[in-house]
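Read the numbers this way: they start at 1 and go in the same order the structure lists the ligands and their atoms. When a residue number appears, it is its place in the shown sequence, counting from 1.
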Amino acid sequence: MNLTDVSADLANVLYTQEQIDARIAEMAAQIDQDYADKNLLMVGILNGAVMTMADLSRSLTIHCEMDWMAISSYGSGVSSSGVVRILKDMNTSIVGRDVLIVEDIVDTGLTLSYLVENLRSRNPASIEIAAAFRKPEALKKQVDVKYVGFDIPNEFVVGFGLDYAGKYRNLRGLGVLSPKVYA
Ligand code: 5GP
């Protein structure tokens, strides 16, 4: 699905898929360097991080393993519930591993700060975070995101894995959802 296919639903376009691709390639180059002599385990947060994980991992020139977690976030609404629950845990032990959490977007930071704390208690060698997007103005809990694609305005966005009520995840690019869609 392209931005033009749903232009009536978008208040504005933030990034085209080409712009996202270019930025993901830069992030991957940095991760290549930082993890050159490590044994990288990328942990994607379902469902939103599927596209970020797919593109970021394939842009790497080094090997990586992948695993997935599902945690509760927005449901079908558009504002953070603050309730964080593990719905699906990883299959891999992370003891002594270099873990890179792969997230679609950092909004309030509540989800990630909980997750980092939880994963730290499992004794990995290191934990870092990569997120395609971040909303600096929405941050409620400080989280150290080492690899950020784009800092974006504090608005509800869809595309590149990010949904509204299950839709728009397959949208190539990122746009601000028009309020009339959820009014
Ligand atoms: P946080 O805990 O940082 O507030 O929220 C993280 C999760 O909320 C993200 O992984 C994502 O699933 C969801 N989220 C936050 N902001 C947005 C947004 O603008 N659009 C969509 N579709 N989901 C969002």
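- For ligand 1 and Lys135, the ligand atoms under 4.0 Å from any heavy atom of the residue are 16 (N), 17 (C), 18 (C), 19 (O).
- Side-chain N/O atoms of Asp9 and Tyr164 include no donor and acceptor closer than 3.5 Å.
- Proximity to Thr111 (heavy-atom distance under 4.0 Å) selects the following atoms of ligand 1: 1 (P), 2 (O), 5 (O), 6 (C).
- For ligand 1, the atoms sitting less than 4.0 Å from at least one non-hydrogen atom of Gly109 are 1 (P), 3 (O), 4 (O), numbered in the order shown with element in parentheses.
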Identify all side-chain donor-acceptor contacts of residues 19-29 below 3.5 Å with residues at least two apart in sequence or on another chain.
from, atom 1, to, atom 2, distance (Å)
Gln19, OE1, Thr16, N, 2.9
Gln19, OE1, Thr16, OG1, 3.4
Asp21, OD1, Gln17, NE2, 2.9
Arg23, NE, Gly149, O, 2.8
Arg23, NH1, Glu26, OE1, 2.7
Arg23, NH2, Val148, O, 2.9

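- Salt-bridge formation is detected for the pair Asp89/Arg122: a Lys NZ or Arg NE/NH1/NH2 atom is positioned less than 4.0 Å from an Asp or Glu carboxylate oxygen.
- Residue-to-ligand polar distances place Val157 within reach of ligand 1: an N/O pair is separated by less than 3.5 Å.
- With 3.5 Å as the limit, one finds no donor-acceptor pair spanning the side chains of Thr52 and Asp104.
- Using a 4.0 angstrom heavy-atom cutoff, Glu155 counts as in contact with ligand 1.
- In terms of polar-atom proximity, Tyr164 is not counted as a contact of ligand 1, lacking any N or O under 3.5 Å from an N or O of the ligand.
- Counting only heavy atoms from C-beta outward, the side chains of Val50 and Trp68 approach each other to under 4.5 Å.
- Taking every heavy atom of Asp163 and a limit of under 4.0 angstrom, the matching atoms of ligand 1 come to 21 (C), 22 (N).
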